[in-house]
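Below: the structure, in structure tokens.
Just follow the structure's listing: the first ligand is 1, and inside any ligand the first atom is 1. Here, residue 1 is the first one in the sequence, and each next residue gets the next number.
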Amino acid sequence: MSRFLSSQLANLEPYVPGEQPQERKYIKLNTNEYPYPPSPKVRDILDTKEIDDLRLYPDPQTRGLVTAMSEYYGLREEQILLGNGSDEILAFFFMAFCDQKRKIGFPDISYGFYPVYASLFGIDALKIPLREDFSINAEDYFNLDRNIVIANPNAPTGLYLELEDIERIAQTNPDHVVLIDEAYIDFGGASALTLLPKYENLLVCGTFSKSRALAGARIGFAFGSPDLIEDLNKIKFSFNPYNINRLSLLAGVASIEDNHYFESHLAKIIETREETSRALRELDFYVTDSKTNFLFAKHEKMAGEDLYLKLKDQGILVRHFNQERISDYLRITIGTPEEMDEFLETMTAIIRGDLT
Ligand code: PMP
């Protein structure tokens with residue numbers, strides 16, 4: 001730390017992304033990326049004209065992609081804001097709606113960026129414990145008197161909270177903003193965007209990083225009332241007006257336009273998830289009922305860290321969190337069927353003690 005760092009940031013613990021190793025080729029099941037490439041239409045965006053146009057700033061209104069998304073999701077354009085990944089949307093949410101008086105609440109086990117942003121922006125954060133089985137008790141959030149952010153499905157647990165529960169949370173907190181982070185919604189749940197016409201305090205965010213195979217393009221989005229979106233835009237235009245680059249805008253449109261590719265590949269991931277989950281249970285794993293593109297699992301007899309290290313040794317990366325309540329679990333991203341076969345074969349050998 002230099003002596004120039006703001007004293008307010010001295011205790012900030014930054015977010016720790018999953019490993020992105022360059023030195024060895026791993027089967028990468030650790031950062032919830034998509035195992036298939038994006039739609040072939042995304043590849044077609046890179047022609048000479050688009051490369052020449054990189055000399056120009058992108059459209060700060062991000063119009064092409066907002067128009068395509070408004071048609072796809074049945075929303076008005078004023079209800080959509082794009083972010084440089086949904087991480088940026090989350091940051092805009094904290095900056096726009098949270099302060100000393102308008103505090104934040106979220107589950108104790110959830111996406112690791114929520115406490116980091118709370119700390120970065122100096123916001124008091126209430127961590128609300130999940131039940132023993134990692135499910136969210138919606139009643140804990142009724143009349144909370146704070147802004148709320150909930151990942152649905154939740155990460156890293158994979159569990160989905162029914163829309164009726166989300167609705168009651170929005171209903172009982174009319175004077176606070178309720179943000180539902182739907183990074184994984186396409187893998188099994190119903191989106192809360194259908195509740196938007198009823199609740200002016202509801203905001204939904206999502207991403208092209210998971211179900212649209214575009215993590216490297218950094219495209220996130222928020223849906224909400226035109227007023228909430230206007231507030232978020234105030235932050236965006238005070239921070240980084242050109243937050244989505246030209247190539248990502250085009251890639252996003254190409255992805256939205258290829259619905260067949262989107263749906264058929266999602267179906268493959270879901271099928272592979274269910275098969276992998278069954279196989280892990282046969283190996284005496286407890287596996288949560290995931291509605292995402294990852295599994296959250298612990299073994300009856302073997303510690304999470306041990307399994308993580310042994311898999312890594314064999315060239316397979318999964319995510320292990322050295323965190324209270326979940327240190328015996330692994331978060332395993334769903335790869336291709338071939339990758340999951342290799343993962344299961346290695347896991348079987350580890351459990352049987354064939355690998356030391
Ligand atoms: N929310 C959740 C729950 C996530 O797991 C992630 C991925 N790390 C994000 C948001 C952010 O994703 P991105 O910035 O790639 O859109």
| Heavy atom under 4.0 Å from ligand 1: found in Tyr184's side chain, backbone, both, or neither? | side chain
| said: Could you tell me if Arg331 sits above the aromatic ring of Phe294, with its cationic atom closer than 6.0 Å to the ring centre and no more than 45 degrees from the axis? | reply: yes
| remark: Nearest non-hydrogen protein atom to atom 6 (C) of ligand 1, with distance, is Tyr111 CZ, 3.5 Å
| request: Go through ligand 1 atom by atom and flag the ones less than 4.0 Å from a non-hydrogen atom of Ser209. | output: 13 (P), 15 (O), 16 (O)
| Atoms of ligand 1, numbered as shown, that sit under 4.0 Å from any heavy atom of Gly85 | 14 (O), 16 (O)
| said: Under 6.0 Å from the ring centre and within 45 degrees of the ring axis: does the NZ or CZ of Lys210 meet both conditions for the six-membered ring of Phe187? | reply: no
| request: Would you tell me which option among Arg331, Glu88, Glu182, Arg218 has the nearest heavy-atom contact to atom 14 (O) of ligand 1? | output: Arg218
| Could a heavy atom of Lys210 be found less than 4.0 Å from some atom of ligand 1? | yes
| field | Polar side chain donor-acceptor pair, Arg131 to Ser135, under 3.5 angstrom | value | yes
| message | Please check: side-chain N/O of Arg319 versus main-chain N/O of Thr31, any donor-acceptor pairing under 3.5 Å? | response | no
| request: Would you mind reporting whether Asn243 and Asn240 have side-chain heavy atoms less than 4.5 Å apart? | output: yes
| message | If the condition is side-chain hydrogen bond (donor to acceptor under 3.5 Å, both in side chains), which residues does Asn259 pass it with, not counting sequence neighbours? | response | Tyr72
| message | I'd like to know if Asp108 and Arg325 make a salt bridge, using a cut-off of under 4.0 Å between side-chain N and carboxylate O. | response | yes
| field | Residue, atom name and distance, where the atom is the protein heavy atom closest to atom 3 (C) of ligand 1 | value | Asp181 OD2, 3.5 Å
| If you measure from each non-hydrogen atom of Ser86 to ligand 1, which part falls under 4.0 Å: side chain, backbone, both or neither? | both
| message | How far is atom 11 (C) of ligand 1 from the closest protein heavy atom, and which atom is that? | response | Asp87 OD1, 3.1 Å
